[in-house]
Amino acid sequence: MKKSKGIKYVTKKGGVFWPSDAMKEIANMSDPKIYDKAEKNPVKFWGELAKGGLTWEKEWDETYEEKLPYFKWFKGGELNFCVNCLDRYLDKPKAIAMIWVPEPTNEKPIKITYGELYDKVNKFANVLKQNGIKKGDVVSIYLPMIPQALTAMLACTRIGAIHSVVFSAFSADALKARIQDGKAKILITADGYYRQGKKEPLLKKAKVAARKTTIKKIIVVNRIGGKVRGGKFLDFDTEIEKANSYCKPEIMKSEDTMFLLYTSGTTGKPKGIVHDTGGYATQAYWTCKWNFDLHRGDVMWCTADIGWITGHTYAMYGPLLTGATTLIYEGGPVFPNPGRWWKIIQDNEVNVFYTAPTAIRMFMGGDKKWISKYDLSSLKILGTVGEPIDKESWMWYFNKIGGGRCPLIDTWWQTETGGTLINTLPGIGPFVPTVSGTSFPGTRHAIVNERGGAVPKGDSGFLVQQSPFAPGMLHGIFNNHKKYVDTYWKKFKTMYDTSDGAYLQNGLIRITGRTDDVMKVAGHRLSTAEVENAIHDNWHVKDCAVVPMPDKIKGQVPIAFVVLKWRKSSEKLEKKLKKHVDIKIGPTARPKRIFFVEDLPKTRSGKIMRRILKALLINEKPEGLMTLVNPNSVEKIKEVVSARS
Ligand code: PRX
């Protein structure tokens with residue numbers, strides 16, 4: 001796209017925002033009739049999109065096959081994902097594929113062209129092959145936000161290996177569990193990375209995690225000057241230098257698994273979400289085209305880490321599938337100063353900016369000068385993801401960052417859905433604070449009651465997805481059919497259970513949040529059970545319940561209620577338990593507070609009533625005390641909570 005300095009892309013009508021003529025003119029999609037067209041025959045519609053957006057080696061025999069709880073898109077079709085990201089854009093090898101902004105200010109941002117990335121990916125794909133990786137093998141990637149992460153991921157897709165990326169802030173234990181579940185053969189990691197001006201070591205954790213697992217080799221990127229030597233260890237760059245420069249892409253079936261990504265559910269064990277190749281690629285491509293209006297040459301900056309699905313689809317793959325430029329950065333948002341993000345937008349003329357409400361809330365409290373200093377007029381579209389956004393934050397983001405000029409889309413989706421599903425399109429609108437909007441063309445969602453019946457318009461209910469299920473949807477939980485069925489299909493049988501609540505507001509979907517025991521901490525998904533398991537590891541702990549508490553910046557934070565066997569509570573023990581959560585999962589999961597209590601509210605069947613604990617934390621009157629075996633516990637917990645608040 002030609003750089004659009006300061007153009008007004010929205011206009012206000014009837015109290016809400018709509019795309020302006022300038023937006024409609026440039027938008028890849030601005031025809032509201034697209035929804036009806038897609039709804040008439042979603043399968044045909046997606047078939048046309050898949051053909052129009054991707055390069056296939058062989059066309060499919062059947063566009064969609066549904067045998068619930070499984071379904072397949074583009075059955076019999078063949079393609080290679082990496083070819084779709086790189087090879088087909090080699091007509092302009094000098095176009096920029098990725099801009100990387102390192103944290104240390106004495107290091108310059110690096111621009112990597114499609115040609116250069118193609119070269120690196122081919123070579124690294126050969127490195128993987130030389131080390132015994134074949135189609136269908138699992139490769140673990142435990143890397144920070146550095147360009148080698150993209151090289152490694154794409155190299156896997158080139159040879160049909162299944163990548164399993166693990167968030168670099170996760171602990172050695174968390175990595176180990178994911179390596180073991182996937183039986184990964186190779187681990188790709190770095191010696192460390194920079195964060196808040198410090199060197200953050202990574203290899204130490206990786207080594208501990210890989211011990212006594214299926215990992216045969218550890219390939220290490222040298223980022224902070226560490227040296228690796230012999231044995232299992234290989235140096236990323238040295239290996240690339242030695243490798244052949246062409247690797248023939250492995251032709252994959254559309255429904256072949258492309259990657260696993262572990263996410264939290266309601267139990268303590270993370271689930272390996274399985275994503276396929278053709279369906280995922282189709283949804284990633286078209287959501288980038290229509291949501292983020294990407295054109296070749298546009299710069300998109302999605303601030304998510306590759307450890308999360310948002311990082312996969314919108315920081316890595318989506319922009320490349322559309323021939324655009326992706327920007328990634330190392331470090332955090334406010335180091336060396338709170339102007340860092342806005343300087344990055346200015347210096348790199350970012351067109352599309354996609355972040356989480358938690359970041360917006362953090363910046364809202366800061367000094368305005370850090371924003372006004374920078375020219376943000378290159379921006380065209382803003383997006384949010386990960387948790388509900390309140391009106392004040394929405395308006396702040398829209399006005400202060402978007403200059404009141406840019407469509408702001410609130411995209412609802414999940415690790416399981418692979419790509420965005422509910423939001424208004426920038427070329428169509430409307431953009432309404434706190435409201436996500438409509439189902440992406442060709443997808444269907446409904447709001448239902450416990451039994452799956454429609455709720456009266458405007459009432460809250462469970463958000464479900466209806467057949468045909470979106471092409472980017474998960475294709476199961478790795479090696480766990482039962483869990484897949486129980487989690488997503490048990491409740492509503494023929495409809496996918498999102499575990500989110502929602503209601504309709506003027507015909508648009510407004511998300512209210514999770515209906516299960518999953519927390520969103522600074523946009524990161526965590527299960528209360530995972531944190532509880534970690535706390536239970538301590539010998540002194542008799543019983544424990546973790547619940548989310550609302551937090552101004554992070555959205556939610558975990559709070560733990562702990563019953564001890566006989567030892568007295570102490571600050572030292574609280575610290576110890578928190579530290580243990582860091583070690584078991586990672587600092588994101590660390591409880592903000594631990595309340596030591598005598599007893600937890602339980603039903604006759606022994607179920608802990610977390611609902612009551614949640615109410616106590618926000619000073620609400622707890623309901624359902626009648627069902628408890630120990631109603632007296634509630635008053636006592638209340639006293640402990642108010643004493644420390
Ligand atoms: O509760 C919803 C919330 O994030 C959950 C999915 O988390 P995760 O798998 O980590 O993926 C996050 C990024 C795609 C959902 O079940 N969520 C996501 N987007 C929104 C949201 N809640 C409200 N509004 C959103 N836009």
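Quantities reported herein were computed from a predicted structural model and do not represent experimental measurements. Atoms within a ligand are numbered from 1 in the order they appear, just like the ligands themselves.
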Using the benzene-type ring in the case of Trp, are the ring centres of [X] and [Y] under 6.0 Å apart?
| X | Y | answer |
| --- | --- | --- |
| Tyr317 | Phe81 | yes |
| His163 | His312 | yes |
| Phe398 | Phe431 | no |
| Trp308 | Phe170 | yes |
| Phe469 | Trp73 | no |
| Phe363 | Trp396 | no |
| Trp46 | Phe74 | no |

Discussion item. Tell me whether Arg514 has any N or O atom under 3.5 angstrom from an N or O of ligand 1.
Written reply: yes
Ligand 1 atoms in contact with [X] (distance to a heavy atom under 4.0 Å):
| X | result |
| --- | --- |
| Trp413 | 6 (C), 14 (C), 15 (C), 18 (C), 19 (N) |
| Gly386 | 3 (C), 4 (O), 17 (N), 18 (C), 19 (N), 20 (C), 21 (C) |
| Thr310 | 13 (C), 14 (C) |
| Val385 | 13 (C), 14 (C) |
| Thr415 | 8 (P), 9 (O), 10 (O), 11 (O) |
| Asp410 | 24 (N), 25 (C), 26 (N) |
| Pro388 | 22 (N), 23 (C), 24 (N) |
| Arg525 | 6 (C), 7 (O), 8 (P), 9 (O), 10 (O) |

Discussion item. For Tyr193, is there any backbone N or O sitting under 3.5 Å from a side-chain donor or acceptor partner on Glu200?
Written reply: no
Practice prompt. Nearest heavy atom to atom 7 (O) of ligand 1 wins, so pick from Gln414, Lys520, Arg510.
Written response: Lys520
Select one of side chain, backbone, both or neither to describe which atoms of [X] lie under 4.0 Å from any atom of ligand 1, heavy atoms only.
| X | answer |
| --- | --- |
| Glu387 | backbone |
| His524 | neither |
| Thr411 | backbone |
| Ile511 | side chain |

Worksheet, complete the sentence: protein heavy-atom neighbour closest to atom 15 (C) of ligand 1 works out as Asp500 OD2, 3.0 Å
Item to complete: Give a yes/no verdict on whether any heavy atom in Trp412 is under 4.0 Å from an atom of ligand 1.
Response: yes
Item to complete: Evaluate the ring planes of Phe45 and Trp290, with Trp represented by its six-membered ring, and classify them as parallel (under 30°), tilted (30 to 60°) or perpendicular (over 60°).
Response: tilted
Worksheet item: Looking at Glu530 and Lys269, does any basic side-chain N land under 4.0 Å from a carboxylate oxygen?
Response: no
